[in-house]
Amino acid sequence: MSLRLGVLGAAAILENAVVVPAHDVPDLTVTALAARDHHRAAALAAQHHIPRVLPDYDTLLADPDIDAIYIPTPAALHGHWTRRALTAGKHVLCEKPLTANADEAAQIAALADSSGLVVMEAMHAQHHPAWERVRELLAQGVVGTPRTAEATFLVDIADRSDIRWQRALGGGALMDLGVYPLRFLQTVFGTPVVREAVAVDEGGVDASMTVRLDLPGGVDGTVHASMTQGPFEALAQIVGTTGTMTVNLPYHPQMGGSIVVERTSDAPGAGEGTPNAPRSPRPRLDLRLHAARLRRRRAARRTRAHRRPRGAPLDARR
């Protein structure tokens, strides 16, 4: 049985993040769409052969023929609609950031745990083979013992009417851009401790943010994100006792990113480069993982139902 995905909103990211990649994911179908702009929703549905356009978000959440909800709304609304979807008994795939703050994240974690539903943040790059390759190379000691790690994401967003400049909608450099380098360092090294965070304010929004981190293994970490400093830069650099690893386009590795290792002159293989060959599309990997988790959850529930004592009630969770 195909997993039926309903889309809550008609954001610009929708086409490339979910609708097109879903065609290449077995057993997953985008089956319904609802948006505040009904005409835009209808046009998208017609273009991508989505069979149903529902009148509003509440109707989408209540639909019994939808298994999971994809949420691409503005960041400030992610937590709200994720909670609503979980309460409606739906699995969730939500664009980053999953929530606007730690309190919301704790609430959603508790809801997911108590319901047995799958909640996943659509941070596509972390599922790309490039990030695992970075971990492998560090484990092999290609730069010796890592001492510092810096990850940067700079995008000049000149249009101040863009939602990323609107505080009420969850805008700001950290929430839109900084989540990528922060997740990269967390994935590679483990959960960090924030030592210091410095923001440059513009109209109540952090136009840029620099965060100093204590990473596991005694690594000194830095995250820098900015919506005003150009030109575009997406880069991570890890300096160790015997060399430096530079990761180009770490948040978009499928667009020609690379991993380059430069060893000090007295280290074996000094100056060697290590290209990042895999270029699998990020959203396709993301959707495959989400679908796989839902299938495993379904299989586990069928097993529990099969083993229950005669006369015992069925598990009410989806």
Side-chain angles (χ1 to χ4, degrees), residues 5-19 22 30-45 50 52-63 66-112 115 117-124 155 157 159-180 182-183 199 203-207 209 225 227 283 286-287 290:
L5 185 67
V7 177
L8 195 152
I13 193 175
L14 173 62
E15 184 172 5
N16 291 328
V18 167
V19 176
V30 179
T31 188
L33 170 66
R36 299 185 189 281
D37 186 338
H38 187 78
H39 294 294
R40 176 173 170 77
L44 274 171
I50 299 172
R52 295 186 297 146
V53 178
L54 300 182
D56 53 48
Y57 292 172
D58 290 334
T59 304
L60 185 81
L61 294 179
D63 194 312
I66 294 174
D67 302 304
I69 304 294
Y70 169 66
I71 302 174
T73 62
L77 302 176
H78 288 177
H80 170 78
W81 287 113
T82 296
R83 289 193 299 273
R84 288 284 306 276
L86 290 172
T87 302
K90 310 296 187 186
H91 304 284
V92 176
L93 176 64
C94 181
E95 276 300 323
K96 59 79 189 170
L98 179 63
T99 66
N101 54 61
D103 289 340
E104 275 194 329
Q107 293 170 15
I108 287 170
L111 275 174
S115 66
L117 295 166
V118 174
V119 179
M120 182 173 161
E121 184 182 53
M123 177 69 73
H124 310 301
V155 180
I157 304 173
D159 181 6
R160 295 304 192 266
S161 67
D162 189 290
I163 63 171
R164 290 169 289 185
W165 283 102
Q166 298 180 39
R167 181 174 181 175
L169 295 179
L174 180 64
M175 298 297 275
D176 186 64
L177 303 174
V179 290
Y180 288 103
L182 183 60
R183 180 62 60 84
V205 169
D206 53 305
M209 178 77 76
M227 301 191 297
D286 202 45
L287 286 172
H290 191 59

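Residue numbers start at 1 and run along the sequence shown.
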Original post:
Taking all atoms of both residues into account, what is the closest heavy-atom pair of P72 and I13, and its distance?
Top reply: CB-CG2, 4.0 Å
**OP:** Apply the test side chain to side chain contact (heavy atoms under 4.5 Å, CB included) to residues T31 and D67: give CA-CA distance (whole Å), side-chain angles for both, the deciding distance (0.1 Å), then the verdict.
**Re:** CA-CA 10 Å; T31 188; D67 302 304; over 6 Å; no
Subject >> NZ-CG distance between K90 and L5, expressed to the nearest 0.5 angstrom >> reply: 11.0 Å
**OP:** Might you work through the side chain to side chain contact (heavy atoms under 4.5 Å, CB included) test for M227 and V205, ending with a clear yes or no?
**Re:** CA-CA 10 Å; M227 301 191 297; V205 169; 3.9 Å; yes
**OP:** Check salt bridge (Lys or Arg N to Asp or Glu O under 4.0 Å) between R160 and all other residues, then give those that pass, not counting sequence neighbours.
**Re:** E202
**OP:** Output, in order, the C-alpha distance, side-chain angles, deciding distance and verdict of salt bridge (Lys or Arg N to Asp or Glu O under 4.0 Å) for R36 and D56.
**Re:** CA-CA 7 Å; R36 299 185 189 281; D56 53 48; over 6 Å; no
**OP:** Specify the closest pair of heavy atoms between Y70 and A17, including all atoms of both residues, with the distance to one decimal.
**Re:** OH-CB, 3.6 Å
Subject >> Sequence-distant partners of H80, side chain to side chain contact (heavy atoms under 4.5 Å, CB included), two or more places apart >> reply: R83, R84
Subject >> Evaluation steps, side chain to side chain contact (heavy atoms under 4.5 Å, CB included), between R183 and K96 >> reply: CA-CA 11 Å; R183 180 62 60 84; K96 59 79 189 170; over 6 Å; no
Original post:
About how many Å separate CG of L93 and CD1 of I69, when rounded to the nearest 0.5 Å?
Top reply: 10.5 Å
**OP:** Sequence neighbours left out, what passes salt bridge (Lys or Arg N to Asp or Glu O under 4.0 Å) with R40? Give chain and number order.
**Re:** none
Original post:
What residues form a side chain to side chain contact (heavy atoms under 4.5 Å, CB included) with A76, not counting sequence neighbours?
Top reply: none
**OP:** Identify, with sequence neighbours excluded, every residue that meets side-chain hydrogen bond (donor to acceptor under 3.5 Å, both in side chains) alongside T87.
**Re:** none
Subject >> Close side-chain approach of E121 to P97, heavy-atom, < 4.5 Å >> reply: yes
Would you be so kind as to tabulate the donor-acceptor pairs closer than 3.5 Å made by side chains of residues 163-175, with sequence neighbours excluded?
residue	atom	partner	partner atom	Å
R164	NE	D162	OD1	2.9
R164	NH2	D162	OD2	3.0
W165	NE1	I157	O	2.8
Q166	NE2	S161	O	3.0

**OP:** Begin with the C-alpha distance, continue with both residues' side-chain angles, and end with the deciding distance and a verdict on side chain to side chain contact (heavy atoms under 4.5 Å, CB included) for T73 and H78.
**Re:** CA-CA 6 Å; T73 62; H78 288 177; 3.2 Å; yes
Original post:
Which residues pass the side chain to side chain contact (heavy atoms under 4.5 Å, CB included) test with T82, sequence neighbours left out?
Top reply: I71, L86, V92, C94, L98, I108, V119
**OP:** Taking all heavy atoms of V30 and all of A22, pick out the closest pair and write down the distance.
**Re:** CG2-CB, 3.9 Å
Subject >> Partners meeting side chain to side chain contact (heavy atoms under 4.5 Å, CB included) with A32 (sequence neighbours left out) >> reply: R52, L54, L60, I66
**OP:** Using the salt bridge (charged side-chain N to carboxylate O under 4.0 Å, His left out) rule, collect all pairs that involve residues 71-80, keeping only residues at least two apart or in two chains.
**Re:** none
**OP:** Of all the heavy-atom pairs spanning H91 and V118, show the shortest one and how long it is.
**Re:** ND1-N, 2.9 Å
